[in-house]
Every structure is written in structure tokens, then in C-alpha cells.
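Only one structure is covered here, and it is reproduced in the block below.
Values reported hereafter were calculated over all heavy atoms of this structure, with side chains retained and with hydrogens, waters and symmetry mates removed. Chain identifiers are assigned alphabetically (A, B, ...) following the order of the sequence lines, protein sequences preceding nucleic acid strands; residue numbering begins at 1 within each chain.
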Protein chains: 2
Amino acid sequence: MGRMPERVPGRLPGSPPTLADVAERAGVSRQTVSNAVNNAELLRPDTLERVRAAIAELGYLPNRAARNLRTRSSHLLGLRISPHLEGTAEATMDRFVHSLVEASRGAGYHVLLFDAVDRTDPLAGYDDLLRATAVDAFVVTDTYLGNPQAGLLDERGAPFVAFGRPWDDPGAPHPWVDVDGAAGTRLATDHLLDRGHERIAWIGWRKDSTIGEDRRSGWSSGLRDRGLPTSGLASRVEDTVASGREASAVLLDEARPTAFVCASDTLAIGVLHTLADRGLSAGRDVAVVGFDDSQAAQLVLPGLTSVRQPLEQVAVEVVRALEGVMTHQPRPEPGLLLVPTLSVRGSS
Amino acid sequence: MGRMPERVPGRLPGSPPTLADVAERAGVSRQTVSNAVNNAELLRPDTLERVRAAIAELGYLPNRAARNLRTRSSHLLGLRISPHLEGTAEATMDRFVHSLVEASRGAGYHVLLFDAVDRTDPLAGYDDLLRATAVDAFVVTDTYLGNPQAGLLDERGAPFVAFGRPWDDPGAPHPWVDVDGAAGTRLATDHLLDRGHERIAWIGWRKDSTIGEDRRSGWSSGLRDRGLPTSGLASRVEDTVASGREASAVLLDEARPTAFVCASDTLAIGVLHTLADRGLSAGRDVAVVGFDDSQAAQLVLPGLTSVRQPLEQVAVEVVRALEGVMTHQPRPEPGLLLVPTLSVRGSS
DNA sequence: CGACTCCTTTGGATCGTTCCAGTCAGCGTA
DNA sequence: TACGCTGACTGGAACGATCCAAAGGAGTCG
């Protein structure tokens, strides 16, 4: 001992302490400090305490870059955010981001946000981060567009978990977590049936939207199971307030429903507008249920009953699945389907 | 040449190529490849092309961890997200996050999200990331609570830029970017005055909210400058729909205003509810203006006119300021105040 | 023709951590 | 006493990039 640590003279006083600083202070080797941090059970109790004291005194925290380099992992999860989602999907995504950050922290990960330089390239951003080993894994959320991402990432051996089912390839091997939309609309439909409604209309998206058709099926199965008709009671339109408004006006004229189930809050708010136009009371005269439980659903006048996705739970399961992927644990099932709940408000 | 690269045999075929791989392929030294990436002007044109070809063939991208370790910088910006903000502030924050990710990318940075383990500690999360040199700088957004962060981060020499003024210490030296709330409400007030309104009411937050008082001042100065009265026309309440509804009912009864300017969309929607209760038409009978231009403002029935914060511009300026901070460039002014715009819709 | 530039390129050291092989002391057993 | 064995700790090498000083080559000039 007594050897001068060579690098100290040149160090700025403000720069954080290193493993070597702690080692010198505790009178042990660097490796022993490393073990104190990562494998405490390898140390004798008294040594451990001495090292821990030195760590506390100096306020030492391992340098991330050095650790990342050595262990070939960054403890970062990449999440690509779409520049601007349409309608209420944006709010859903934001609620998910919050939940994901929280769930990731519990597992020792941080969330790295990135966006697509070139929106036409499905792998834009992903590929660069992967090759630069800047993230350990991805959370893929933009799967609803006919996700080429999943397949492409799988090909490159990139670890990831998708929030959203592989609609176009139900047998896809990659792990995913999703919310059962049909169960949500079924919940909504049963809720309305329980309130005595028998003529319940559907306003959803165009037929080429698989998510839209899934949500629709919850409505139709709910009516069919009670022997009630669905024909003439469904409409498929764009996801805008104006479309919901028009579609509901037509349905009211032609099919006289007493309740509406909608594929989104945006459409449901369109229905509320139609009711207001006609002097009908939402909730009393005609019931309305939306989907997403957006902020707007809480703010509009009678309060909009809406299907709420369990995003906190989705985030937790996504992180759990990611841990499995990164440790190469085999999974019994690639997918996990969670059940939404219903936020009941004045509109029903 | 001809020397076998020692490390190749042990490398997994899937692991990304390194500087050494590129160097060997191009027949140059590692340093030359490094220069080709970072200081292209140092290379002779033909060498540069050869190296670039090798980089392209191998799909090389510098390893982030190694670069971070050597250069002592991570090219990451830390952003702490609050677990759950109240009301429409959450939507504002999310729009800002999107803009920040985009602006950061332009400057070669990514955004790292984190949240507070312990919400009572103002530096929770910040300190750890700083000591672990996990981020280069922070974007501090939660300054409206009487920001102890700014001072504490300044003390530790942490580079950061705040979105939000240092209300409690106007002379604070740290850089910040903010939106001029008073200018926004002034814009709203002038807009209503131009439409012929003379009795314009204010519904804002409690007096201890500095932001609320700032926004209020735009309304009061607008009226004073035209010699119109403000007394009896202002109300200060909680930021909820119910409060806005009650406050507007009282004001309508006692002061008979023909227009309302509100400190938030949440309050403005409360006003809309009161108008609907009384069979008054928003826009025709009574005009209403909100603040934040939230999604709900676009969805509610006549459309809510609202003050829109230029968050894209804020993000760009925050990143610009951060670049200045990190290169230790002196700043003429610590702060920058941006002017909002007005999104005019049916409610006015 | 040798000395002196200047420009390009190179090898070694380094950032701070973890992996790996090995040292050393202490203890039980023959 | 000699031997092996185990547990606690150590020193050197490695991860993959950049910084630094110095080497090599081409061109200029006395």
C-alpha cells in the first residue's frame, strides 16, 4: 500500500467518485468494491460494512457507461412514439407511457423515447438503437397498422415485447400483451342490457380495421346471446366526432335504438352531439358508451360511460415479459390478453 | 497486414461490428475509422471513401456505451414525469414530450424518462442519474410548484434548462423557457373585446397560484386599457369542472357578463355546462375562452376557443438552450418568454 | 541532396467497470 | 508435518470507443 493513485491529480474536483476511489478509502481492491455492490454475499460481513461506509461517505454510484460497456447492456427500454396519433388514442398512449416508466423502474430499467426520422420506414429508429447497443429491448406499440415491426425485429434477433396482438399472424412467436377489446364492448353491451335496453346500436370503424371488428364482435355477441337483433343497428365510419354525429342521426331515424355502443370516445361524443341537437337527454332518453375512458369522457356534460383499458396492468405485464425475453426464459404462451373495465358515468 | 484479429474467434456472429472490424476491412487503423466518423475533414478523400464503404458494408454504428465512457457524455436528456397531473395540464405535458423528443433528435439527443421514487423529495431521481453520469442534462418541467429543483440542481452544477419561470426568484441565474400566460389571456380578452363584448368575466385559480395570477393579469390589463370595469367580474376557484360550473353560475347571476375568460379548459368546460343548464348557447349568447387547447376543447359541442401554448417552439428553444449550457456558452438572458396563440372555435 | 516543413495516418494509453484466473490464509485430515 | 480444500480477496485483462504524441510520406527549399 501507500502507492499513489495516479489518476487523482488530474481529476476535476466535481467529477463523481469511482470504484478506485472507494477501494482506496476502504483499503480493499476494486474488485471487492464491485462485489460489495453486485454480489454482497461474497464478502465477509465486516469487510462489507467497511466498503459500504466508504460508498456512503463518497456518495459513490457506478458509472453507467462503464458498466454498460462491460456488461453489454444499457438497462434502457426503447419506446417509439408516433408523431401524432389520431383522436383519443393519443391519450391512451400517454397513460401507457406513464405506467411503463413506473413499471420499468421497478425492474431497474429506464425508458428511452425516440421517434421515426422517416415515417415510411417501419424500422426507422429501431435499427440504429439496436446496432449501437443503446437499448436492451423495445416496447413496440404501433402494431395496429399491420405491424411489420414485429416480424422484422424478430428476424434481427432484437428483444422486444409488443403491446398489441399480431392480428395478421396469430401464430407469431414473439411475446405480446393486449387488451381484449371484444370483452370490453361485451361489458358495455351487457351493462346496457341490464338497464333494460333492447335496441342497442353500434358505431365503429371501417371493416378493414381489425381492432374495430374485434370490438364490434363484443357488441354483436352480447345481443345474439340474448336473442336480440343486430341487423340495421350497426354503422362503420371514420373515427371523428362529425362521423359519429352523422351516423347516430341516421341510426336514430332508421332503427330507433335506445342505446349506443361506440368503438371510441370520439365517436361517442359525436352521438352526444346528435342527442343535444334533438333535445334528447343522454343517459335518460338514450344511453351512450364510449371506449378509451379519455379525459374528454370525464369532462363532457353528463359524463360519458366508457370502456377503460387496464394500462397499468399492461405495463407491468410488458415489463415482466421483457425480463423473460432478456433472460431467454421459455414462455408457455406468447400472448397475454387482459380484460378492460367499465367506467360508468351519466351517459348510461 | 495478415495478422489475425485475436478477438474475432470468440465473438458471437450476431454481435454488432466494432471499430476494429471496420479498420481491418478498410485496411486502416482504428483511429482513422474514428476520424472518418467524427472528423471526416482530417482524411484524404480516397481513404475516407474506402472507410465509408467498409462502414456501409458492415453496417457499423459506434457502440454507445464505449463512446459514452470515453467522452464522458451520454447524449441523453433526462425528463422527470410527474405521476399524475391534474386536469388538462397532463395533456399539455404530453404534447411537450412529443415535441421535445423531436427537437432533441435534431440535436443528436434522446430523451430518457424517469419518475420520482419518493415524491416528497424534489431531487428524487435527478441525483442518481447525475451521479451515475447517465444523462448529460435535464429538462425540468415541474417548476410551477415553487421549484426547489432549479436551485438544488444549480448547486450541484447539474446542467439543465427549465420549462417554466423561476417565479419565486426572478433573478435566478439558470436558463429557462416559458410561455407568457398573461399575453395569452390578453389575446383572449382582446379577441372578445373585438367581438363587441364589454362585460368579460374571469374564472381562475386561487391567489397563491402565481401562474394563475399571471394569466389573470392579461385579462385585467386588457379591460383596464379600454377603460372597462373588472370589479365583481372575477372568481378564483379550484381547477375542476364543478368549480367552473358553480363560479360561472354565480357570476352570471350577480354580474351579468357576456363572456368568460378562464385559466384552464377544465374551468371553461364548467362554464359550458352552466350555459347548457340555463338553455344559453355558447358562442351565440355567451362567449367562452379556455386555456391549453386540450383535446376536450376540440371535442365539446360548439368547440371551445382556447389559448394554445407554442410547445413545439418551447421544445426547440429548450434544446437550443441546453446546447448552450453544455458547451458553457454565456447567455445574454437567462430566460426566454414565448407568446401563445388563440385557437378560435364555436364558443366565441 | 539533405533538412525542413506540413499533412495524413498510426499505436499505445485511457475512460470505469466487470470477468477471470490466481494468491493467500486458515482449517481439517492423514 | 504435509497435504488438500475452502473462503476471501486481489491484480491483470477486457469491453469499444477517443485522446494524445509520435511516425511516415510527400513536397519545398537552400
Just wondering, more than 12 heavy atoms not from B:R131 lying within 6.0 Å of its CZ? yes

Please determine, for the side chain of B:R44, which listed nucleotide (D:dA17, C:dT9, D:dC9) has the closest atom? C:dT9

Within the structure shown, what part of the strands sits under 4.0 Å from B:T32 by heavy-atom distance: base, sugar-phosphate, or nothing? base

Side-chain N or O of B:S34 versus OP1/OP2 of D:dT18: is the shortest distance under 4.0 Å? yes

Result for 5'-nearest mapping on DNA chain C, choosing between B:G27 and B:R70, is B:G27

The side chain of B:R72 lies closest to which of these nucleotides: C:dT18, C:dG16, D:dG16? C:dG16

Hey, can you tell me if B:Y109 and B:H75 have their rings parallel, tilted or perpendicular (30° and 60° cut-offs)? parallel

With a 4.5 Å cut-off on side-chain heavy atoms, are A:R105 and B:F114 touching? no

Check every atom of C:dT18, C:dG12, D:dG16 against the side chain of A:R67 and return the nucleotide holding the closest atom. C:dT18

Mapping B:A66 and B:L42 to their closest nucleotides on DNA chain C, which lands nearer the 5' end? B:L42

What does the inter-axis angle of the helix from C:dC1-D:dG30 to C:dA30-D:dT1 come out as, five pairs per end, nearest 10 degrees? 70°

Going by atom types only, do A:R67 and A:N38 share a side-chain donor-acceptor pair under 3.5 Å? yes

As a test of reading the structure: which of D:dC9, D:dT18, C:dG16 is closest to the side chain of A:T47, going by heavy atoms? D:dC9

Side chain of B:L43, heavy atoms from C-beta onward: which of C:dG12, C:dT17, C:dT9 has the nearest atom to it? C:dT9

Do A:T133 and B:N63 get their side chains close enough for a donor-acceptor pair, meaning under 3.5 Å? yes

